[in-house]
Asks: 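Here it is, the structure in full.
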Protein chains: 2
Amino acid sequence: MNVTTATPPLDTPRRAIRRTRRGDEKSEQIRSTATELFLGRGYDGVSVDEIVRSVGGSKTNIYNHFRNKEGLFLAIVKGLCEDLLASFVTIDVSALDVDEGLRTFALALLGILLQDRHLAFHRLIIAETARFPALGRAWFESGPEKSRSIIAQFIEQQQRAGHLRPSDPHQSATLFHDMITFDLLHRAMLGDKPSDDEIRHRIDTAIDAFLHGFGRK
Amino acid sequence: MNVTTATPPLDTPRRAIRRTRRGDEKSEQIRSTATELFLGRGYDGVSVDEIVRSVGGSKTNIYNHFRNKEGLFLAIVKGLCEDLLASFVTIDVSALDVDEGLRTFALALLGILLQDRHLAFHRLIIAETARFPALGRAWFESGPEKSRSIIAQFIEQQQRAGHLRPSDPHQSATLFHDMITFDLLHRAMLGDKPSDDEIRHRIDTAIDAFLHGFGRK
DNA sequence: TACATATAATACCATACGGTATGATATGAA
DNA sequence: TTCATATCATACCGTATGGTATTATATGTA
């Protein structure tokens with residue numbers, strides 16, 4: 001209801017707190033415990049009282065570390081955005097050819113996206129973007145947009161080496177990324193987890209389509 | 001909490017109701033009014049009292065027509081699943097060549113998926129699938145799976161005519177469908193609606209990739 | 001040791017929700 | 001017209017929620 005924008009950011013403590021080791025530890029306990037609860041049952045599905053019961057300690061202290069329930073939630077999502085794709089940004093494909101590079105990216109990406117933890121996270125984001133619009137943006141930038149950029153770099157490099165015909169690298173990376181992820185991710189979100197064979201087969205088909213297309217010349 | 005399965009389906013009236021014209025009209029009023037409310041603010045965001053205020057009449061009567069809040073919600077989602085893709089199933093591409101056919105499908109599909117009404121519906125489905133598992137299934141079957149099947153039929157027909165090289169038609173249709181939809185749909189869900197030019201460009205690129213690929217032979 | 005403050009424990013508040021009970025009124029079929 | 005019943009209006013119940021107030025205790029620093 002309150003749409004004024006003069007209020008300070010929500011993911012900030014309600015008042016200056018003297019930082020201390022015990023305090024930081026407690027704050028981390030609250031954050032990590034609440035993370036699992038929110039991932040499991042969504043924002044509305046978890047009450048502050050339940051977080052208190054689960055992490056121990058007092059309700060007041062939660063409201064001291066995080067301004068309110070929304071503040072705690074936003075801090076948690078911010079952390080998850082950074083964590084989930086962490087292993088993807090360190091992949092080194094510089095020594096691989098086109099086929100191997102794309103396959104490496106695809107396997108790593110699906111390995112992350114099909115984890116239960118990511119599925120729950122994805123549900124959370126989609127569901128709560130209506131309530132917290134900034135949240136969807138942050139996820140898109142740190143998720144799909146980031147992984148596509150990494151793939152785009154590789155594609156551009158392969159184009160310069162003459163192994164791919166010229167095109168907008170980011171557009172091409174997006175098409176490849178989407179071919180790989182959409183179907184398997186959505187089915188996994190409905191509880192229909194693809195087998196390793198299915199994953200490999202999907203990747204093979206997508207790489208083949210990406211490199212050669214389906215036209216009959 | 002109650003996980004027994006002996007209860008009757010939820011989208012069923014709580015007791016036998018003598019069907020009458022006024023009753024059917026009232027039931028429709030409730031359904032259509034509540035549809036817009038749920039699309040706007042989700043399941044938890046809309047209270048039964050608010051539906052009563054909005055549609056007029058009495059709370060009791062809603063509980064007579066639909067067993068409870070969940071029953072009303074499921075009836076509404078079932079209706080939306082059928083409505084949204086209605087215009088897609090009647091498309092006739094039998095006289096078109098590969099390029100034109102794929103373009104026709106892509107334009108029609110995006111025309112549906114990027115509507116505000118569908119975006120809200122999609123959010124609703126993803127968010128509430130955790131609470132109502134059957135819901136995600138029903139949507140997937142009547143949505144993505146259905147549109148892919150229609151595209152697959154066209155691809156198979158073009159393969160038999162020798163205009164596409166042989167492949168699993170449904171796999172290929174899935175790849176094409178996902179290239180077309182994933183990125184634009186997700187960005188639209190975050191409020192970043194693509195322009196008509198962007199849509200056309202994306203479709204061109206995807207069709208080109210589908211037919212010719214990006215490899216340098 | 002002394003003092004400021006972070007944490008705890010607990011009771012409490014206002015509000016909102018889904019759902020039911022009850023009694024009055026409107027409607028439609030016999 | 002009669003009578004069963006669909007609809008309405010309203011009050012109510014039990015429960016849960018986010019958030020605050022209060023008072024006591026543990027902790028770190030000077």
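Worth knowing before you read on, the calculation uses all heavy atoms, side chains too, and leaves out hydrogens, waters and symmetry mates. Given the structure is predicted, the values throughout are model-derived calculations rather than measurements. Note on naming: letters A, B, ... go to the chains in the order of the sequence lines (proteins, then strands), and numbering restarts at 1 for each one.
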Asks: Considering residues at least two apart in sequence or located in another chain, which fulfil the side chain to side chain donor-acceptor pair (under 3.5 Å) criterion with B/Thr90?
Replies: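 Here no residue qualifies.
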Asks: A/Asn64 has an atom CG; how far is it from atom C1' of C/dA9, in whole Å?
Replies: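 A/Asn64 atom CG is separated from C/dA9 atom C1' by 14 Å.
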Asks: Restricting to salt bridge (Lys or Arg N to Asp or Glu O under 4.0 Å), what partner residues turn up for A/Arg137, sequence neighbours left out?
Replies: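 Applying salt bridge (Lys or Arg N to Asp or Glu O under 4.0 Å) to A/Arg137 gives none.
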Asks: What is the distance, to the nearest angstrom, from the OH atom on A/Tyr63 to the P atom on D/dT17?
Replies: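 So the OH-P distance, A/Tyr63 to D/dT17, works out to 11 Å.
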Asks: What residues, two or more places apart in sequence or in another chain, satisfy salt bridge (Lys or Arg N to Asp or Glu O under 4.0 Å) together with B/Asp204?
Replies: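 By the salt bridge (Lys or Arg N to Asp or Glu O under 4.0 Å) rule, B/Asp204 matches B/Arg103.
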Asks: Kindly write out the residues that satisfy side chain to side chain donor-acceptor pair (under 3.5 Å) with A/Glu100, not counting sequence neighbours, or none if the list is empty.
Replies: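 Here no residue qualifies.
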Asks: Using whole Å, report how far CD1 of B/Ile62 lies from P of C/dG18.
Replies: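 Taking atom P of C/dG18 as the reference, CD1 of B/Ile62 is at 11 Å.
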Asks: How long is the line joining CZ of B/Arg67 and P of C/dG18, in whole Å?
Replies: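 Result: 18 Å.
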Asks: Could you tell me how far apart A/Asn61 (CG) and C/dA8 (P) are, to the nearest whole angstrom?
Replies: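 Distance check: A/Asn61 CG to C/dA8 P gives 5 Å.
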Asks: Would you mind reading off the distance between A/Leu72 atom CG and D/dG18 atom P, rounded to a whole angstrom?
Replies: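 Roughly 11 Å, once rounded to whole Å.
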Asks: If I take atom NZ in residue B/Lys69 and atom P in nucleotide C/dG18, what distance separates them, rounded to the nearest angstrom?
Replies: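 One finds 4 Å between P of C/dG18 and NZ of B/Lys69, rounded.
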Asks: How would you list, by chain and number, every residue that makes a ring-ring contact (aromatic ring centres under 6.0 Å, His included) with A/His118, sequence neighbours excluded?
Replies: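 A/His118 satisfies ring-ring contact (aromatic ring centres under 6.0 Å, His included) with A/His122 only.
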Asks: Could you run down the sub-3.5 Å N/O contacts of the protein with nucleotides 21-26 of chain D?
Replies:
residue : atom : partner : partner atom : Å
D/dA21  : N6   : A/Thr60 : OG1          : 3.3

Asks: Taking only residues two or more places apart in sequence, or in another chain, which ones meet A/Glu198 in a side chain to side chain donor-acceptor pair (under 3.5 Å)?
Replies: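 In terms of side chain to side chain donor-acceptor pair (under 3.5 Å), with neighbours along the sequence ignored, A/Glu198 is linked to A/Arg187.
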Asks: Consider side-chain contact (heavy atoms from CB on, under 4.5 Å). Of B/Ile112, B/Asp83, B/Leu39, which one does B/Arg117 pass it with?
Replies: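 Of the listed residues B/Ile112, B/Asp83, B/Leu39, the side-chain contact (heavy atoms from CB on, under 4.5 Å) partner of B/Arg117 is B/Leu39.
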Asks: B/His65 side chain N/O closer than 4.0 Å to the phosphate oxygens (OP1, OP2) of D/dA6?
Replies: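 Result: no.
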Asks: Not counting sequence neighbours, which residues clear ring-ring contact (aromatic ring centres under 6.0 Å, His included) with B/Phe176? List them please.
Replies: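 Here the qualifying residues are B/Phe210.
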Asks: Tell me, which of residues 24-52 of chain B have any heavy atom that sits under 4.0 Å from an atom in DNA chain C?
Replies: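 Close to the strand are B/Val46, B/Ser47, B/Val48.
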Asks: Would you mind reporting whether A/Val48 and A/Tyr63 have side-chain heavy atoms less than 4.5 Å apart?
Replies: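 With C-beta onward as the side chain, the pair touches.
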